[in-house]
There are 2 protein chains.
Amino acid sequence: MRRDIFQAIADPTRRAIIALIAVQAMTPNAIAENFNSTRQAVSKHLRILAECELVKQEQQGREIYYSLEIEKMKEIDKWLEQYRAIWEAQFNQLDNVLIKLKNQKK
Amino acid sequence: MRRDIFQAIADPTRRAIIALIAVQAMTPNAIAENFNSTRQAVSKHLRILAECELVKQEQQGREIYYSLEIEKMKEIDKWLEQYRAIWEAQFNQLDNVLIKLKNQKK
DNA sequence: ATATTATGAAACTATTTGGTTGCAAATATA
DNA sequence: TATATTTGCAACCAAATAGTTTCATAATAT
């Protein structure tokens, strides 16, 4: 049972859930209203998101409010960092080419 | 058959392949040497990566060199953008709290 | 010309995934 | 107290996934 953040965001429904609860904390029922699948299916997605600590839960009576654990999202950003370094380097190279072209014009 | 970039990076082997070919273009055989699974399994991963345009291929004789399509990685960055906005806003709020505390000290 | 090498594709398999229905527990309301 | 609501969990199922073995094709080396 793989359960890391990359696996969590692979599913489009889960990405939609993340987008929803990023705005405001919501109950499973309220979240499920936004999808065609059953509440239980959404509940399963929430469990997966909770297992890799992408969401936090706050019990309020019989309702449970789910909200995004934004800190966890930084893990993806951290992973991207190495590739961002590459594309920024490429951009700078392009920049150098443009500068050279400019100088040749003179 | 879902085939988007999020699904592509969900698999740890594929992320490892991405990391490998980000450094330099490599043939399927050379890539496979870095893993325990068969060349064919790696080949399948490469096909998935190619299908969502995360890698580009360059034929050289009977060898095919695979390299990372860094532009495609920006799609993840673009998706992260909205959440980066959130955690930066939270950071600024924390910053404001610290400033207030500092002023109270005076 | 023949053998070797590099590769992709097809067929098959075990496991995982995302979904369903049904049920039990806890809380709120009449 | 009896009933309704909110939720999670277990059992089940179809489809997708990641892997394997086997085979075909094309390029290179002998």
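Values below: all heavy atoms of this structure, side chains included; hydrogens, waters and symmetry mates excluded. Lettering of chains follows the sequences in order, A, B, ..., and the numbering in each one begins at 1.
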Sole residue of B/I9, B/D77, B/I76 in side chain to side chain contact (heavy atoms under 4.5 Å, CB included) with A/I76: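 Result: among B/I9, B/D77, B/I76, B/I76 is the only option passing the side chain to side chain contact (heavy atoms under 4.5 Å, CB included) with A/I76.
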
Has the side chain of A/R62 got a donor or acceptor atom sitting under 3.5 Å from an opposite partner on the base of D/dT7?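 Counting by modelled atom types and ignoring angles, no donor-acceptor contact under 3.5 Å is found here.
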
Distance check needed: [N] [atom2] versus [X] [atom1], whole Å only.
X: B/E51; N: D/dT17; atom1: CD; atom2: C1'; answer: 13 Å
X: B/Q40; N: C/dA9; atom1: CD; atom2: P; answer: 12 Å
X: A/L46; N: C/dG19; atom1: CG; atom2: P; answer: 12 Å
X: A/R39; N: C/dG18; atom1: CZ; atom2: P; answer: 18 Å
X: A/R47; N: C/dT16; atom1: CZ; atom2: P; answer: 15 Å
X: B/N36; N: D/dG19; atom1: CG; atom2: P; answer: 11 Å
X: A/I48; N: C/dG19; atom1: CD1; atom2: C1'; answer: 11 Å
X: B/L49; N: D/dT17; atom1: CG; atom2: P; answer: 13 Å

side-chain N/O [X] vs [N] OP1/OP2, d < 4.0 Å:
X: B/R3; N: D/dT17; result: yes
X: B/N29; N: C/dT5; result: no
X: B/H45; N: D/dG19; result: yes
X: B/Q7; N: D/dT17; result: yes
X: A/T38; N: C/dT20; result: yes
X: B/R14; N: D/dA18; result: yes

Check: B/Y65/B/E63 side-chain N/O donor and acceptor closer than 3.5 Å: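 Yes, side-chain donor-acceptor contact under 3.5 Å.
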
From the set [options], return the single nucleotide nearest to any side-chain atom of [X].
X: B/Q57; options: C/dG8, D/dG19, C/dT20; result: C/dG8
X: B/K44; options: D/dT5, D/dT20, C/dT7; result: D/dT20
X: A/E63; options: D/dG8, D/dT6, C/dA6; result: D/dT6

Compare all side-chain heavy atoms of B/Y66 with those of B/T27 and state whether any distance is below 4.5 angstrom.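 No, too far: nothing below the 4.5 Å cut-off.
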
Does any non-hydrogen side-chain atom of B/E69 lie less than 4.5 Å from one of B/E53?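 Result no, sub-4.5 Å side-chain heavy-atom pair not found.
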
Name the residue closer to the 5' end of DNA chain C, choosing between A/T13 and B/S43 according to the nucleotide with the nearest heavy atom.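 Residue closer to the 5' terminus by nearest nucleotide: B/S43.
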
Base, sugar-phosphate, or nothing: which does A/F35 touch, judged by heavy atoms less than 4.0 Å apart?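 It contacts nothing in the nucleic acid.
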
Any base atoms under 4.0 Å from B/Y65, or only sugar-phosphate, or nothing? Heavy atoms, all strands.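 Nothing, no nucleic acid heavy atom in range.
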
Under the salt bridge (Lys or Arg N to Asp or Glu O under 4.0 Å) rule, what do A/D4 and B/R15 come out as? Steps first, then yes or no, please. CA-CA 13 Å; A/D4 64 33; B/R15 286 201 302 281; 3.5 Å; yes

ILVMFWY network linking B/L68 to B/I5, side-chain heavy atoms under 4.5 angstrom: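 Yes: a chain of side-chain contacts under 4.5 Å links B/L68 to B/I5.
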
